[in-house]
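These numbers come from a predicted model, not from an experiment. Proteins get letters first, then strands, A, B, ... in listed order; numbering begins at 1 in each.
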Protein chains: 4
Amino acid sequence: MSATPSKPAMVTHLCTGESEAKREQILTGAKAIFAAHGFEGASMSAIAREAGVSKGTLYNYFANKCDLFAAFVEKNCREKLQVLAPVQQLGLSPEKTLRALAREIVRLIISPESLMLYRIIVSEAPHFPHLATTFWQSGPKRALETLSGWIEGQVAQGTLKVDDPIFAAEQFFSLCQTRIAHRKRFNMPLENEAEEEEKVISNAVRVFLAAYGVSSSEKTTTD
Amino acid sequence: MSATPSKPAMVTHLCTGESEAKREQILTGAKAIFAAHGFEGASMSAIAREAGVSKGTLYNYFANKCDLFAAFVEKNCREKLQVLAPVQQLGLSPEKTLRALAREIVRLIISPESLMLYRIIVSEAPHFPHLATTFWQSGPKRALETLSGWIEGQVAQGTLKVDDPIFAAEQFFSLCQTRIAHRKRFNMPLENEAEEEEKVISNAVRVFLAAYGVSSSEKTTTD
Amino acid sequence: MSATPSKPAMVTHLCTGESEAKREQILTGAKAIFAAHGFEGASMSAIAREAGVSKGTLYNYFANKCDLFAAFVEKNCREKLQVLAPVQQLGLSPEKTLRALAREIVRLIISPESLMLYRIIVSEAPHFPHLATTFWQSGPKRALETLSGWIEGQVAQGTLKVDDPIFAAEQFFSLCQTRIAHRKRFNMPLENEAEEEEKVISNAVRVFLAAYGVSSSEKTTTD
Amino acid sequence: MSATPSKPAMVTHLCTGESEAKREQILTGAKAIFAAHGFEGASMSAIAREAGVSKGTLYNYFANKCDLFAAFVEKNCREKLQVLAPVQQLGLSPEKTLRALAREIVRLIISPESLMLYRIIVSEAPHFPHLATTFWQSGPKRALETLSGWIEGQVAQGTLKVDDPIFAAEQFFSLCQTRIAHRKRFNMPLENEAEEEEKVISNAVRVFLAAYGVSSSEKTTTD
DNA sequence: TATGAATGAGAGTTCATTCAT
DNA sequence: GATGAATGAACTCTCATTCAT
């Protein structure tokens, strides 16, 4: 009977470890089903089947469908909406930095997982206000902070002239959503995607610099 | 003042007018429920109750839930997404015209009905591709055509310098969605909405003209 | 006012005439639908559509679905289950007469309309006892009467030796249902139908005559 | 007498035994409702109520109404249509054997469960062709095989003279359906049922032997 | 802890029947 | 007399959730 005292600890440890793995397993199944059918269209049975667990197990890990949905959204927002952190640290020219940022923003926005989350968040925003906030803070807000931080730096260096860096960042963000993002969200076909992407990036940068760049006479916009 | 003209109207009323009225009645109920719960979340019973008809009547007018949903989306896209037609004809200065257009675009995009439709269309785009197209063609496409048509006119007059008017129109459209539209779609609170709206409009116009305006030395951006 | 008295008569006449035609029209539609789907599976809407009348008209002619069903069954039993009347009058030999009767019986039993009615009657017998009686009296009973009447004649002539002509007729009737009828009722495939029919007829006659024929001077019927 | 054999049984009982019991419970309820109302007329709610389970449980055991119907038919055909196997092994005289077989056939055909299945199968044969086959193979086909096997034996012994034993068996089967079976299928009243049954049996045997018996001069029909 | 059988409310849909026109 | 819009009950089937094992 000497082993018994250690048993609970191990068990707890094992269980927690296994629990964590099973939790992930469930969330992976949930992602597939919620992505394909949305919140209302998804059924707990389908999720259980997809995840390879029983329905009872689902309810051991998540109190109900809403909780599971929230966990799925939060996990995926946290994991899939993060980028463009280190770009500005390379000592590139403002234009090249903006181009790099624009490229990352575009890529992020039109990634299948972002689009899936966007669709779900927008559609459920009225019923899950907290999730919309999570999405916003994990994705757009971080991107805007990075962007506005970089803009402030440029203003300090005198390479940009911007009164409201946060608003300017939002405008740049909007410019990056021209054409491709809108169409993808509507599931509409898009020809020459790579080409269009370059065009969106180049023109976002060009317009932004035309409006906020300093001494436009020295600048040469490329394309 | 002869009685005859009213006769056909009455006959029409008797024959199909009531049906048409009931159809509208159903679509009104459907709008309330679909808007609140989305496609999957809406129940035919709830729609019938909201519309004040029996469930059977629903199915006398629409073959099934999908058809009713499609009819609801099409009707509302057709009726609620139309604007900004006559603005450019008023002979205003380019800047003032752009401001007027921007204002109409912003107002349209953040109108409750537009937001509701946007939410539903984006969320159901994978399952109802046709409806996304309907939405796009009723709303954004028309706005972009109006906009790019006006731009082409300005280019011809030499007041703007634009290589790709359609793309430029799309950028202007994107700029109009800065801050307010994004936040509304996510159901996030927005303080000083009127003030923000002015800011979005002014800066959209300012950035656009900075990029595409001619002889910037003569221009005076207002706010 | 002199014209009025004749009006009702004419109207009645016209209406009755048209009514009769419309009644038939409805019953024709009902036949198609009841035949295909049975009583429970048939819908009044489908019958109205098939008959080319409105649902309201259905209820002007028949009080409800049961009545319409009863009318359909009675009409078709009366019209489709009648045969083999004149055969025995032709002065053929007993064997040839029996063969002719057997052929008519087999043909009647396996006619699509008989099978359809049989299916419907058997399946609804517990719920519509009267219809089963109608079917029996329109079809089998008449056939048996014809048969037993002929048998009685033969007994009187000394060409058959039968104690209970009605029962013997029923046996002959049963013998005619060997193989083909049973299989058809179960919708089972049957190869060489014409050949099988000959076999059934020949053997029904042969067995019947072996049991009830006279020429075998040694026969002693007991019972 | 060892306990171990019972262990697996218990395990089985625990694992799927309860499921099996519930399945039977459902099928029992289904039998009552399908028997009373046929396939179309039966409702899953009524079956659930009759079986004492919830509607959801019905669908845990059977994918849909058709599957439940098929399971009900197959189970009952398998269980209720089996008989007359050992009769011919007793060393009875041909006549007595035939009488015993006829009695079993008649009893089988007019048993309430056979009649119920016959009604349902005949009425649904066009929509469930497989079930008609199941019925045929569980009931009539087996009876005919038994019968024709015995006939072949008699032919080999010289007590019967039959060219086509299978066809002769079918004829005997038909003769056994005289009067009683036909009337029961039509739900028509029948007086003196026991007496009629004897008559049908006696005469079926008599007619069959008159047609297929050898040296009729030695034969003495009894009863 | 993991299971999946069980539940019953509610989903979309169809139906026989009525009745104002 | 003929129509077909309207009804609401009843249909088949699915669902989130519970709980004994």
Side-chain angles (χ1 to χ4, degrees), chain A residues 11-12 14-16 18-19 22 40-49 52-68, chain B residues 14-16 18-19 21-23 26 40-48 52-68, chain C residues 11-12 14-16 18-19 22 26 40-49 52-68, chain D residues 14-16 18-19 21-23 26 40-48 52-66 68:
Chain A
V11 167
T12 302
L14 281 173
C15 287
T16 305
E18 292 198 351
S19 283
K22 189 141 290 196
E40 294 280 1
S43 90
M44 294 296 266
S45 295
I47 292 171
R49 206 179 313 121
V53 302
S54 72
K55 263 190 285 185
T57 300
L58 241 55
Y59 284 88
N60 284 339
Y61 285 85
F62 302 94
N64 50 45
K65 194 186 181 185
C66 289
D67 277 18
L68 173 56
Chain B
L14 283 172
C15 289
T16 61
E18 297 234 320
S19 284
K22 187 134 299 196
R23 212 185 122 95
I26 291 171
E40 293 279 1
S43 91
M44 294 297 265
S45 295
I47 292 172
V53 301
S54 72
K55 253 193 289 186
T57 297
L58 243 54
Y59 285 89
N60 284 340
Y61 285 84
F62 302 94
N64 50 46
K65 193 186 182 186
C66 289
D67 276 18
L68 173 56
Chain C
V11 167
T12 302
L14 280 173
C15 287
T16 304
E18 292 199 351
S19 284
K22 191 142 290 195
I26 291 171
E40 294 280 359
S43 91
M44 294 296 266
S45 296
I47 292 171
R49 207 180 311 120
V53 302
S54 72
K55 262 190 288 184
T57 300
L58 242 55
Y59 284 89
N60 283 339
Y61 284 85
F62 302 94
N64 51 43
K65 193 186 181 186
C66 290
D67 277 18
L68 173 56
Chain D
L14 284 172
C15 289
T16 61
E18 298 234 319
S19 285
K22 186 134 299 195
R23 213 185 120 94
I26 291 171
E40 294 279 0
S43 91
M44 293 298 264
S45 295
I47 292 172
V53 301
S54 72
K55 248 190 295 184
T57 298
L58 242 56
Y59 285 90
N60 284 340
Y61 285 84
F62 301 94
N64 50 47
K65 193 187 182 185
C66 289
L68 173 56

*Can a side chain N or O of C/Thr57 be found less than 4.0 Å away from OP1 or OP2 on F/dT3?*
yes
*asked:* Using only modelled atom types and a 3.5 angstrom limit, is any donor from either the side chain of A/Lys55 or the base of F/dT17 paired with an acceptor on the other?
replied: yes
*Take the protein atom OH of D/Tyr59 and the nucleotide atom P of E/dA6, then report the distance between them rounded to whole Å.*
16 Å
*Say you draw a straight line from CG of B/Leu68 to CG of B/Leu58; how long is it, rounded to the nearest 0.5 Å?*
5.5 Å
*Between atom CG in C/Leu68 and atom P in E/dA16, what is the gap in whole Å?*
10 Å
*Does OP1 or OP2 of E/dA6 have a side-chain N or O of D/Tyr61 closer than 4.0 Å?*
yes
*Ignoring backbone atoms, test whether B/Lys22 places a side-chain nitrogen or oxygen under 4.0 Å from the OP1 or OP2 oxygen of F/dA6.*
yes
_Whichever of A/Asn64 and D/Asn64 has its nearest DNA chain F nucleotide further upstream toward 5'_ = D/Asn64
*Paired nucleotide for E/dA5 [Watson-Crick or G-U wobble; both distances under 3.5 Å]*: F/dT18
_Taking the nucleotide of DNA chain E with the nearest heavy atom to each, does B/Ser43 or C/Gly56 sit closer to the 5' end?_
B/Ser43
*asked:* Quick check on F/dG4: is either OP1 or OP2 less than 4.0 Å from any side-chain nitrogen or oxygen of C/Ser54?
replied: no
*Whole-Å distance between E/dT14 P and C/Glu40 CD?*
18 Å
*asked:* On a heavy-atom basis, which atom in D/Ile47 and which in D/Ile26 lie closest, and how many Å separate them?
replied: CG2-O, 4.4 Å
*When all nucleic acid strands are considered with a 4.0 Å heavy-atom cut-off, which category describes D/Ala42: base, sugar-phosphate, or nothing?*
sugar-phosphate
_Residue whose nearest DNA chain F nucleotide is more 5′ - D/Met44 or A/Ser45_ = D/Met44
*To the nearest 0.5 angstrom, please state how far the NZ atom of B/Lys22 sits from the CG atom of B/Asn60.*
10.0 Å
*Spell out yes or no: do the side chain of D/Asn60 and the base of E/dA6 have one donor N/O and one acceptor N/O closer than 3.5 Å?*
yes
*For C/Asp67 and E/dT17, what is the distance between atoms CG and C1' respectively, to the nearest whole Å?*
13 Å
*Locate the shortest heavy-atom distance separating C/Met44 from C/Lys55; write the atom from each residue and the value.*
O-CG, 4.2 Å
*Would you kindly give the CD1-to-P distance between C/Ile47 and F/dT3, to the nearest whole Å?*
16 Å
*Could you state the CG-P distance from D/Leu58 to F/dT12, rounded to the nearest angstrom?*
10 Å
*What distance do A/Asp67 atom CG and A/Tyr61 atom OH have between them, rounded to the nearest 0.5 Å?*
15.5 Å
_If I take atom CZ in residue A/Phe62 and atom P in nucleotide F/dA16, what distance separates them, rounded to the nearest angstrom?_
15 Å
